[in-house]
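The next block holds one structure in the form of structure tokens; read it before the comments.
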Amino acid sequence: MKIESAIFRKGIRGDDRILNEDKPQIAFVGRSNVGKSSLLNCLLNRKDLVKSGKMPGKTREINFFLINGKYYFVDLPGYGFAKLPIDVREQIAKMIQWYFFQKVFHRKAVLVLDAKVGPNAMDLEMYRILRDQKEEVIIVANKIDALNQKERNTQLKLMAEEMPGVEIIPCSAKTKEGREKILEKIFS
Ligand SMILES: Nc1nc2c(ncn2[C@@H]2O[C@H](COP(=O)(O)OP(=O)(O)O)[C@@H](O)[C@H]2O)c(=O)[nH]1
Ligand SMILES: [Mg+2]
């Protein structure tokens with residue numbers, strides 16, 4: 001499917017009517033600084049619809065973007081930003097869990113990993129939560145451009161071992177590698 005339009009709708013911090021709308025939600029979740037916002041812009045072919053880079057850990061809202069008038073792309077706050085006070089980190093973790101606890105019309109989760117680092121304990125925990133909640137999950141390994149061919153092979157193999165039986169799509173918000181494949185998964 002082609003991206004025809006992408007509009008910022010709203011940022012929420014708790015219950016909101018937008019959650020009850022009859023539109024599928026595609027929720028992007030991952031560690032702070034992993035490139036969630038950049039990847040969203042890449043998928044949407046937009047330069048900076050979704051604010052990225054500036055202050056990691058600053059987005060503490062769940063941001064809804066209306067795509068083609070039919071879907072919501074949801075940018076969740078990033079977890080695990082070490083420079084934030086522990087109570088703020090806990091608050092963010094709670095907000096993410098709260099969101100996935102909400103029953104919505106339809107939802108897919110895109111779990112964004114860092115290809116250079118692979119899944120850490122928090123990523124694996126996030127994946128466990130999503131699986132327990134029976135969410136449909138698409139796993140992507142972003143920043144693959146930062147690896148050379150040899151590192152890339154090693155990392156992909158390691159990640160496959162750490163998350164057996166699940167497809168991990170290598171991608172880059174920078175080079176747009178993986179973009180088509182991710183969109184295909186999202187809209188299939
Ligand atoms: N090399 C590389 N850098 C990236 C990529 N995606 C994001 N970044 C950089 O990683 C930093 C964090 O990106 P951002 O989208 O704000 O991450 P977020 O906190 O997960 O939303 C920024 O400096 C981006 O330019 C990528 O695919 N490749
Ligand atoms: Mg962001």
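Remember, it's 1-based here, ligands and their atoms both numbered in the order they're listed. Since the structure is predicted, the reported quantities are computational estimates derived from the model, not experimental observations.
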Report yes if some heavy atom in the side chain of Lys23 is under 4.5 Å from a heavy atom in the side chain of Tyr71; otherwise report no. no
For Lys108, does the NZ atom have more than 12 heavy-atom neighbours from other residues, nucleotides or ligands under 6.0 Å away? yes
Please find out if the Mg ion (ligand 2) and some N, O or S atom of Ser32 are separated by less than 2.8 Å. no
Ignoring hydrogens, what is the shortest heavy-atom contact between Gln25 and Leu19? Give both atom names and the distance. NE2-O, 3.6 Å
Examine the proximity of ligand 1 to Val34 and report which part, side chain or backbone, both or neither, has a heavy atom under 4.0 Å away. both
Proximal atoms of ligand 1 relative to Ser172 (non-hydrogen, under 4.0 Å): 27 (O)
Asp132: partners by salt bridge (charged side-chain N to carboxylate O under 4.0 Å, His left out), with sequence neighbours left out: Arg128
Ligand 1 to Asp145, heavy atom cutoff 4.0 Å, flagged ligand atoms 1 (N), 2 (C), 26 (C), 27 (O), 28 (N)
Under 4.0 Å from any heavy atom of Ser37, which atoms of ligand 1 are there? 15 (O), 21 (O)
Do Arg107 and Tyr99 meet the cation-pi criteria used here (NZ or CZ under 6.0 Å from the six-membered ring centre, within 45° of the axis)? yes
Numbered atoms of ligand 1 (with element) below 4.0 Å of Ser38, judged on heavy atoms: 6 (N), 7 (C), 13 (O), 14 (P), 15 (O), 24 (C)
Does anything in residues 156-169 pair up under side chain to side chain donor-acceptor pair (under 3.5 Å), and if so which pairs, sequence neighbours excluded? Glu167-Lys181, Glu167-Lys185
With only distance considered, is Ala146 within less than 3.5 Å of ligand 1 through an N or O on each side? no
